[in-house]
Number of protein chains: 2
Amino acid sequence: MMNQNLESIKVTLDVVCGKWKAVILLTLYEEGTLRFGELKKQIPLINHQTLIKQLKELENDRLIKKKSYQVVPPKVEYSLTDYGQSIKGLLYKMIEWGEQHSEQNKTPS
Amino acid sequence: MMNQNLESIKVTLDVVCGKWKAVILLTLYEEGTLRFGELKKQIPLINHQTLIKQLKELENDRLIKKKSYQVVPPKVEYSLTDYGQSIKGLLYKMIEWGEQHSEQNKTPS
DNA sequence: CGGTATCCAGTCGGATACTG
DNA sequence: CAGTATCCGACTGGATACCG
């Protein structure tokens, strides 16, 4: 039956289709554990509030985990879970496909 | 540089992140060329207008092509382009990942 | 420093009705 | 049969301001 496939792909799409989610994940792959501010520095174009929201969604989806140190000023670290690590190969396949085919998207003159 | 990767993955995400786009592509993989009405029959839950919009976007992105026969009543066939075929493997990888990890999304009780 | 709480604008999926 | 033209509600990304 095809319906199971549709459910499965929906799971995947839900997890990576946020505007900045792939960017955040790729940053954590390359940089490892990062504090909120460091993450913000790596992704300068993202809005403060937007970053918080996207992180929360990724956390709810268990792709990343948050560690809060109870200090002043606050210190919070974000890192990938095993689940988050497991999607790395897929993201790089997406990069690959986008690379290979980006020319085809140019509108003919 | 990482920015090129981000551009590439954006291309990929733009192309598959519509609510029904993956479903439409998967249907065309399995069924081959289909008329509008047949496509609608295969995907009963989609709204008529929504299907038209998603098809138009896929067509603009060159993943599918439309062939109109100038007859009454109208007859239109949709099929995959080579570009559309080329993303098939990626979609099935997405299904695979979603399958393997869907249990992890269940909220703990 | 990192997080809430609001509010706002744009986009997207969808409902309905009409056309050739 | 397939498509266009509207209109609408919901969601999402983002701007701003304030809190611990």
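We use all heavy atoms of the structure for the numbers below, so side chains are in, but hydrogens, waters and symmetry mates are not. In the text below, chain A, chain B and the rest are named by the order of the sequence lines, each starting its count at 1.
Residue B:Lys56 is in sugar-phosphate contact alone, with no base atom involved, counting any heavy-atom pair closer than 4.0 Å across all strands shown. Residue A:Lys66 is in sugar-phosphate contact alone, with no base atom involved, counting any heavy-atom pair closer than 4.0 Å across all strands shown.
The shortest side-chain heavy-atom distance between A:Gln42 and A:Glu31 falls under the 4.5 Å cut-off. In this structure the side chain of B:Val76 reaches within 4.5 angstrom of the side chain of B:Tyr78, judged on heavy atoms. A:Thr33 is not listed as a side-chain neighbour of A:Leu28, based on a closest heavy-atom distance of 4.5 Å or more. In this structure, the side chains of A:Asp14 and A:Asp61 stay at 4.5 Å or more apart for every pair of heavy atoms.
Note on the helix from C:dC1-D:dG20 to C:dG20-D:dC1: angle between the axes of the first and last five pairs equals 40°, rounded to 10 degrees.
The residue from A:Thr50, A:Leu51, A:Leu58 that alone fulfils the side chain to side chain contact (heavy atoms under 4.5 Å, CB included) condition with A:Trp20 is A:Thr50.
At most 12 heavy atoms of other shown residues, nucleotides or ligands fall within 6.0 angstrom of atom NZ in A:Lys93. Enclosure of atom NZ in A:Lys10 is not indicated, since only 12 or fewer non-hydrogen atoms of other residues, nucleotides or ligands lie within 6.0 angstrom.
For the pair B:Glu77 CD and D:dA2 P, the interatomic distance rounds to 10 Å; values are reported in whole Å. At whole-Å resolution of the value, CD1 in B:Ile43 and C1' in C:dG14 are 15 Å apart. Going from atom CG of B:Leu34 over to atom P of D:dA2 covers 11 Å, rounded to whole Å. When the P atom of C:dC1 is taken as reference, atom CZ of A:Phe36 falls 11 Å away, rounded to whole Å. In this structure, A:Leu13 atom CG and C:dG13 atom P are separated by 12 Å, rounded to whole Å. The CG atom of B:Leu51 sits 15 Å away from the C1' atom of D:dT4 (whole-angstrom rounding). Between the CD1 atom of B:Ile52 and the C1' atom of C:dC12 there is a distance of 16 Å, given to the nearest Å. Nucleotide C:dG14 holds its P atom 11 Å from the NZ atom of B:Lys40, rounded to whole Å.
When all heavy atoms of B:Ser8 and A:Glu99 are compared, the closest pair comes out as OG-CG, 3.5 Å.
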Worksheet item: Can you give one letter per nucleotide of nucleotides 6-20 of chain D, going 5' to 3': B for a protein heavy atom under 4.0 Å from the base, S for sugar-phosphate only, - for none?
Response: B------BBBB---B

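At a threshold of 4.5 Å between side-chain heavy atoms, the hydrophobic network of Ile, Leu, Val, Met, Phe, Trp and Tyr places B:Ile24 and B:Leu45 in one connected group.
Phosphate contact (OP1/OP2 of D:dC1, side-chain N/O of B:Tyr78, threshold under 4.0 Å): absent.
Here the nucleotide nearest the side chain of A:Arg35, chosen from D:dG3, C:dG3, C:dC1, is C:dC1.
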